[in-house]
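Reviewing the structure listed below.
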Amino acid sequence: MPRMSKVELYAAIRRDHRGGMSMRELERKHGVTWRTVRKALDSSWPEPRKKLPPRATGLDRYKPVIDEILRADLDAPRKQRHTITRIFHRLVEEHGADVSYGMVRYYIAARKPEILVESGKAPLEAFVPQTHQPGHEAEVDFGDVTIRLAGELVTCYLFSFRLSYSGKAVHRPVDRTIGVSYVLAW
């Protein structure tokens, strides 16, 4: 039997319970404990997963050292800055750190942009949403398009018009030779 999500499991338990199955039958049929059956009958949605607190790592003791190296590199010429490999080797040689290269690399990748922002050397990421007033802005474009009309390929001009506020669009192909506008179903 394919594994179902918890929401699907809860729905199946409630459906079977409405069908007249006892608690014990529900436990056996769905392979769950009585607590799960009780939770499914009490609530239609399962409880959200609890966030675990971050675990301590072997790198925690050396994070201030890495931060200090990264801050010192802010003023150093580009060619004299520490690479991730050099920082890793300094931790092992100078501080006797028992950490993996990957742990150091992931920490530096996350921390370096933060240190740049803290020092004022990098801008904060900003998002400016676009706002359009109704009826104030629109986009218009023209182009060539080839359509099959009555079994024959015809090259037409395509007029495209899009309102910025609503996103509604109008597209009209116009025959080049006779100037006839066609209404097409897209």
Side-chain angles (χ1 to χ4, degrees), residues 1-13 30-40 42-134 136-145 158 160-169 171 186:
M1 182 164 113
R3 184 160 166 82
M4 62 176 70
S5 72
K6 218 171 194 183
V7 173
E8 294 168 333
L9 174 66
Y10 276 30
I13 291 172
H30 297 287
V32 295
T33 65
W34 66 271
R35 288 177 197 225
T36 305
V37 172
R38 182 80 290 174
K39 286 179 184 178
D42 289 343
S43 172
S44 58
W45 291 100
E47 297 174 1
R49 286 192 169 187
K50 294 178 183 169
K51 294 262 184 195
L52 296 175
R55 293 187 314 185
T57 66
L59 188 64
D60 287 344
R61 295 190 329 213
Y62 305 105
K63 286 180 180 180
V65 175
I66 296 171
D67 289 351
E68 191 56 41
I69 293 171
L70 293 175
R71 283 191 187 94
D73 281 350
L74 291 174
D75 298 326
R78 188 174 190 278
K79 290 288 193 174
Q80 294 178 6
R81 295 181 191 154
H82 287 80
T83 62
I84 295 173
T85 306
R86 181 65 188 130
I87 293 173
F88 171 71
H89 287 301
R90 276 189 65 184
L91 288 175
V92 172
E93 293 165 5
E94 296 174 13
H95 301 280
D98 185 26
V99 294
S100 69
Y101 174 79
M103 287 174 69
V104 174
R105 186 183 63 190
Y106 288 129
Y107 177 73
I108 291 174
R111 188 69 178 121
K112 195 171 189 178
E114 294 171 0
I115 289 176
L116 285 171
V117 169
E118 289 169 7
S119 68
K121 301 221 178 203
L124 287 170
E125 284 193 28
F127 174 74
V128 179
Q130 288 188 354
T131 57
H132 301 284
Q133 297 297 319
H136 283 229
E137 297 178 29
E139 298 172 9
V140 175
D141 199 7
F142 300 93
D144 291 340
V145 65
L158 179 67
S160 295
F161 176 79
R162 183 182 164 278
L163 294 169
S164 297
Y165 177 74
S166 65
K168 300 279 183 183
H171 305 287
W186 297 98

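Numbering of residues begins at 1 and proceeds along the displayed sequence.
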Can you tell me how far CD1 of Ile108 sits from CE of Met103, rounded to the nearest 0.5 angstrom?
12.0 Å
Does [atom1] in [X] sit with more than 12 non-hydrogen atoms of other residues, nucleotides or ligands closer than 6.0 Å?
X      : atom1 : result
Tyr165 : OH    : no
Tyr106 : OH    : no
Glu94  : CD    : yes
Lys6   : NZ    : no
Asp42  : CG    : yes
Arg61  : CZ    : no

Between the main-chain N or O of [Y] and the side-chain N or O of [X], is there a donor-acceptor pair closer than 3.5 Å?
X      : Y      : value
Ser119 : Ile115 : yes
Glu8   : Ser5   : yes
Asp73  : His82  : yes

With a cut-off of 3.5 Å and sequence neighbours excluded, list every side-chain donor-acceptor pair involving residues 137-144.
| unit_1 | atom_1 | unit_2 | atom_2 | d |
| --- | --- | --- | --- | --- |
| Glu137 | OE1 | His132 | ND1 | 3.0 |
| Asp144 | OD1 | Arg176 | NH2 | 3.0 |
| Asp144 | OD2 | Arg176 | NH2 | 2.8 |

Show the nearest heavy-atom pair for residues [X] and [Y], with the distance to one decimal.
X      : Y      : value
Tyr101 : Phe88  : N-CE1, 3.5 Å
His171 : Ser160 : ND1-OG, 3.1 Å
Tyr10  : Thr36  : CE1-CG2, 4.2 Å
Leu74  : Lys121 : O-NZ, 3.7 Å

Determine whether Thr57 and Val99 make a side-chain contact, defined as any pair of heavy atoms from C-beta on separated by less than 4.5 Å.
no
Under 4.5 Å between any side-chain heavy atoms of Tyr107 and Asp60, yes or no?
no
Can you classify the ring geometry of Tyr62 versus His95 as parallel (below 30°), tilted (30 to 60°) or perpendicular (above 60°)?
tilted
